[in-house]
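A quick write-up on the structure given underneath.
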Amino acid sequence: FSDSAVAAEIFGHAGYDFVMIDHEHGFGGLPDAVRQMQALQPFPPTQLMRVPWNDPVYIKRALDAGTEGVMIPFIQNAQEAAHAVEACLYPPAGIRGCAASAVRASNFGLDSPEYLEKANSNLVIMLQIETEASILSIPEIAKVDGIDCLFIGPTDLSASIGKPMQYDDPEVNALLERAEKAIKDAGMKMGAVPHSGLDFQAMFERGYDLVCAGSDIGHLRQGAISQVSAHRSKNG
């Protein structure tokens with residue numbers, strides 16, 4: 001989130017399964033993302049990016065930069081889902097422009113034949129479910145080929161009914177449960193950030209397959225607050 005290659009490198013050392021570079025609400029641009037991916041390169045985490053919008057130009061540039069998968073926000077219906085998937089894939093399956101002879105994703109053209117052979121299949125595509133309308137569309141969205149995961153955005157989902165982050169509200173809880181049930185009934189993998197007071201383990205136990213367990217901002221904020229609070233409580 002903070003656009004820090006150092007933070008990315010720390011998460012790489014920590015051994016997470018994946019690191020999500022956030023370009024929807026985060027501060028960085030594509031050159032910054034490249035620096036973060038370079039910092040992650042020696043480490044196991046899969047390098048993913050949340051793009052700002054369902055924009056085929058930005059999706060193309062993110063993939064050319066070398067991200068191994070994208071999360072695309074605010075998908076409302078099957079037509080938008082199909083457009084998102086098409087933007088990720090080379091023809092004839094999609095509409096992604098091809099510059100494999102030069103882009104970072106193909107090691108600047110050194111591995112372009114191998115990259116072109118595997119690019120469409122070796123890619124994570126996650127779509128975000130963030131409104132009541134998108135929940136109603138989940139059965140149709142799930143029929144779109146190429147989607148790997150539907151990712152619930154609990155903050156925007158709660159905000160869409162005028163109750164942002166009010167996870168103790170029965171209406172918000174019911175909406176989240178509807179989204180979860182619809183995704184599972186559709187046979188899709190399900191992701192989210194921790195919500196409703198649950199930690200990452202409780203999220204897995206609730207049925208989630210993928211959890212973005214925290215952000216660099218959150219870890220830094222919590223560490224700082226904990227240390228300052230401990231000092232104040234002991235020393236005034």
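Throughout, residue positions are numbered sequentially from 1 according to the sequence presented. The figures here come from the full heavy-atom set of this structure, side chains too, leaving out hydrogens, waters and symmetry mates.
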Would a single hydrophobic cluster contain both [Y] and [X], if residues Ile, Leu, Val, Met, Phe, Trp and Tyr are joined by side-chain heavy-atom contacts under 4.5 Å?
{"X": "Leu175", "Y": "Leu127", "answer": "yes"}
{"X": "Met20", "Y": "Val51", "answer": "no"}
{"X": "Leu210", "Y": "Ile75", "answer": "no"}
{"X": "Met71", "Y": "Met37", "answer": "no"}
{"X": "Leu40", "Y": "Val34", "answer": "no"}

Heavy-atom donor-acceptor pair, [X] side chain to [Y] backbone, under 3.5 Å:
{"X": "Asp148", "Y": "Ile125", "answer": "yes"}
{"X": "Asp216", "Y": "Phe1", "answer": "yes"}
{"X": "Asn54", "Y": "Glu80", "answer": "yes"}
{"X": "Ser112", "Y": "Ser106", "answer": "no"}
{"X": "Ser137", "Y": "Glu140", "answer": "no"}
{"X": "Glu86", "Y": "Ile95", "answer": "no"}
{"X": "Arg96", "Y": "Tyr90", "answer": "no"}

To the nearest 0.5 Å, tell me how far [X] [atom1] sits from [Y] [atom2].
{"X": "Tyr208", "Y": "Lys189", "atom1": "OH", "atom2": "NZ", "value": "15.0 Å"}
{"X": "Gln36", "Y": "Ser4", "atom1": "CD", "atom2": "OG", "value": "7.0 Å"}
{"X": "Asp156", "Y": "Met165", "atom1": "CG", "atom2": "CE", "value": "11.0 Å"}
{"X": "Asp169", "Y": "Ile161", "atom1": "CG", "atom2": "CD1", "value": "6.5 Å"}
{"X": "Arg178", "Y": "Asp185", "atom1": "CZ", "atom2": "CG", "value": "12.5 Å"}
{"X": "Ile72", "Y": "Arg50", "atom1": "CD1", "atom2": "CZ", "value": "12.0 Å"}

Check [X] against [Y] and note the closest heavy-atom contact, atom names and distance.
{"X": "Ile141", "Y": "Ala78", "result": "CG1-N, 3.7 Å"}
{"X": "Ile152", "Y": "Ala179", "result": "CD1-CB, 3.8 Å"}
{"X": "Gly191", "Y": "Cys149", "result": "N-SG, 3.6 Å"}
{"X": "Leu123", "Y": "Gly69", "result": "CD1-CA, 3.7 Å"}
{"X": "Val193", "Y": "Phe151", "result": "N-CZ, 3.7 Å"}
{"X": "Ala5", "Y": "Ala39", "result": "O-CB, 3.4 Å"}

Exercise for review: State plainly whether the residues Asp64 and Arg61 are in salt-bridge range, i.e. N to O under 4.0 Å.
Suggested key: no

Exercise for review: Could you tell me whether Lys163 and Asp168 make a salt bridge, using a distance below 4.0 angstrom between a side-chain N and a carboxylate O?
Suggested key: no

Exercise for review: Can you label the angle between the Tyr167 ring and the His195 ring as parallel, tilted or perpendicular, going by 30° and 60°?
Suggested key: tilted

Review point. Hey, what's the ring geometry for Tyr58 with His23, parallel, tilted or perpendicular (30° and 60° as the breaks)?
Key: perpendicular

Point to revise | Between Gln222 and Ser226: side-chain donor-acceptor atoms closer than 3.5 Å | key: yes

Point to revise | Polar side chain donor-acceptor pair, Glu132 to Ser160, under 3.5 angstrom | key: no

Validation row: [X], [Y] side chains within 4.5 angstrom (heavy atoms):
{"X": "Ile10", "Y": "His219", "answer": "no"}
{"X": "Thr131", "Y": "Phe74", "answer": "yes"}
{"X": "His83", "Y": "Gln79", "answer": "yes"}

Practice item. Could you give me the CA-CA distance, side-chain angles and deciding distance for Met203 and Met190, then say whether side chain to side chain contact (heavy atoms under 4.5 Å, CB included) is met? Key: CA-CA 10 Å; Met203 294 284 287; Met190 181 170 70; over 6 Å; no

Exercise for review: Decide if atom NZ of Lys184 counts as having more than 12 heavy atoms of other residues, nucleotides or ligands within a radius under 6.0 Å.
Suggested key: yes

Check your understanding: Crowded around Phe27 CZ? As in, over 12 foreign heavy atoms under 6.0 Å?
Key -> yes

Review point. Taking the six-membered ring for Trp, are the ring centroids of Phe43 and His13 within less than 6.0 Å of each other?
Key: yes

Point to revise | Thr67 vs Ile21, side chain to side chain contact (heavy atoms under 4.5 Å, CB included): CA-CA, chis, key distance, verdict | key: CA-CA 9 Å; Thr67 184; Ile21 299 169; over 6 Å; no

Practice item. Evaluate the criterion side chain to side chain contact (heavy atoms under 4.5 Å, CB included) for residue pair Asp145 and Val85; output intermediate values, then yes/no. Key: CA-CA 8 Å; Asp145 289 337; Val85 172; over 6 Å; no

Practice item. Among Leu30, Val19, Asp22, Leu63, find the residue that satisfies the side chain to side chain contact (heavy atoms under 4.5 Å, CB included) test when tested with Met49. Key: Leu30

Practice item. Test side chain to side chain contact (heavy atoms under 4.5 Å, CB included) on Phe204 and Val211 and set out the steps. Key: CA-CA 8 Å; Phe204 287 131; Val211 179; 3.7 Å; yes

